[in-house]
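Data block below; observations after.
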Amino acid sequence: MNEAKKGRRSAAWFSKLDKDGFIHRSWVGRGLPPDVFDGRPIIGICNTWSELTPCNAHFRELADHVKRGVWEAGGLPFEFPVMSTGETSLRPTAMLFRNLVSMDVEESIRGNPIDGVVLLCGCDKTTPSLVMGAASCDAPAIALSGGPMLNGMYRGQPLGSGTDVWRFSEEMRAGRMTSKEFFEAESCMSRSTGVCNVMGTASTMATMIEALGIAFPQNAAIPAVDSRRYAMAHAVGRRIVEMVNQDIRLSKILTRAAFENAIRVNGAVGGSTNAVIHLLAIAGRVGVDVSLDDWDRLGRDVPTIVDLKPSGRFLMEEFYYAGGVPTVMRALDEHGLLHGDAMTVNGRTVTENVSDAPNYNTEVIREFDKPLVASGGIAVLHGNLAPDGAVIKPSAASASLMKHRGRAVVFTSIEDYNARINDPALDVDKDCVLVLQNCGPVGYPGMAEVGNFGLPPKLLKTGVTDMVRISDARMSGTAYGTAVLHVCPEAAVGGPLALVRDGDLIELDVAARRLHLEVDDAELARRRAAWSAPPAPMIGGYVHLYRTHVQQANLGADLDFLRGSRGHAVPRESH
Ligand code: FES
């Protein structure tokens, strides 16, 4: 034991020359030579591996490569599990558990002899939850993503995860695709481990942590099965040891400038609306003041230059081969849209990381002045229907519906929607506005990804492909459509969305950032007086804690008592 290293937090466990030190070393050190407790940095590898999270199924191998780098750099690695949230299986929605996982991560880091941590992130919520938890401890940390799966391939055509499921589902419901073809495509979509291969939420969040500077350049796009992903893991293992030695904590990287960079990169890649909520929540953990309106303001002058599904044509494999996120960031930096001096975890600034990033394919990563969408980003809407804001992703919506006025057809819950949407007698036409209530953080609970709810089959069969949809839900990052999401306050807490009735006229004007319910105040007051909260869909347990404390989407849907950083100090020891 090296007394000189007592300043390191793990020294409180391993440097003690008494019975407690004996216990800490003897139990944890099984299979290790005693001299590893010489004061070297202890590196936690926070692993979200689970067979129930198939996107993260390769994470034990990834962790092994991180360990090689840690050992090589003179650290001592310990891998530990946290709850893993598999997006496609977890009910009622993985988002319900993002905050719970963040608590698991935070307490696992703080309570253990960990000096620095590598966060293994993959499937959608496994990225924000790990970053939120680590940020609340303010430990030295590097996030490492698992990478996207290979391109899906069906009858010679590339298949995008999720995106083409939504498309095929509508095709089948419209009678243009047989169920045999539909199920044939099922086995063609997920050809390897890794996250969804479109710019869905997982790849968006992998892009966001790269843009924030808490992951290495190329973190987002190297395919999960590519050997370069494992070489990166090795390098991350080396670097986290250096970061502990230099005491570079997350709060030194997660600055206001870093969040502004990430918001702009999200616009350039056509990223998921879910990034809005997750970055607001992460910012809340480190005490950086980022608001919903920052998303609108900073994203407005950013063109979407990445031509990836669901906004465009290509998939993550092509994105990596074209140059990946560094190429996009170089274009933004050259046009003065990034804080190039922001520091990143590899010890270099943003500009130093991206200034020589080549573009190998200008069809996939377009030139700045030939964008896919001239004004990308996320539009933030306000009005009497969303006093605290709502969002829409113009690059995934129909240009013809960006200004629209229509008659509301209201569904009071997802069950109500499922029960009536296929009814040929449903009173709906192509100009109607479909409204879905009670799918927000409190209402669902957990703010499910149902905001891109499907169109009525009777309209699909006439060739209608998009309609304005409004809800307090989220939308899968793989999805598309003219979907107004995250309406705040949500219906289940009495937001104006709860007061919409069939036949009301609703005006959407994205250019004016306006979402207006054409019902006068007196009538809204009358409806409000008659409104009562829907019954809790689930009782007790974590759901009770969540529904009691969750904040609205415009604040990141974090639990109120989890905001902020509580640091890594532990006042008492265990024996
Ligand atoms: Fe795991 Fe899409 S379902 S990343």
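In each ligand, atom 1 is the first atom listed, and ligand 1 is the first ligand listed.
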Please identify which atoms of ligand 1 are closer than 4.0 Å to at least one heavy atom of A202.
4 (S)

Please check if the number of heavy atoms outside H544 that lie under 6.0 Å from its NE2 is greater than 12.
no

Are the side chain of N266 and the backbone of A262 linked by a donor-acceptor contact shorter than 3.5 Å?
no

Ligand 1 to C55, heavy atom cutoff 4.0 Å, flagged ligand atoms 1 (Fe), 3 (S), 4 (S)

Is the distance between atom 2 (Fe) of ligand 1 and the nearest N/O/S atom of C196 smaller than 2.8 Å?
yes

Mark up the atoms of ligand 1 that fall under 4.0 Å of a heavy atom belonging to E87, in ascending order.
3 (S)

Is the gap between the ring centers of Y417 and F453 under 6.0 Å?
yes

What do you reckon, are the aromatic ring centroids of F182 and Y154 less than 6.0 Å apart?
no

Heavy-atom distances under 4.0 Å decide this one: backbone, side chain, both or neither, for C123 against ligand 1?
both

Quick note on ligand 1: atoms under 4.0 Å from a heavy atom of D124 include exactly 2 (Fe), 4 (S)

Is the backbone N or O of V165 less than 3.5 Å from a side-chain atom of S169, with the two atoms forming a donor-acceptor pair by type?
no

Assess whether atom OH of Y360 is packed by more than 12 heavy atoms of other residues, nucleotides or ligands within 6.0 Å.
no

With heavy-atom distances below 4.0 Å as the criterion, list the atoms of ligand 1 near T88.
3 (S)

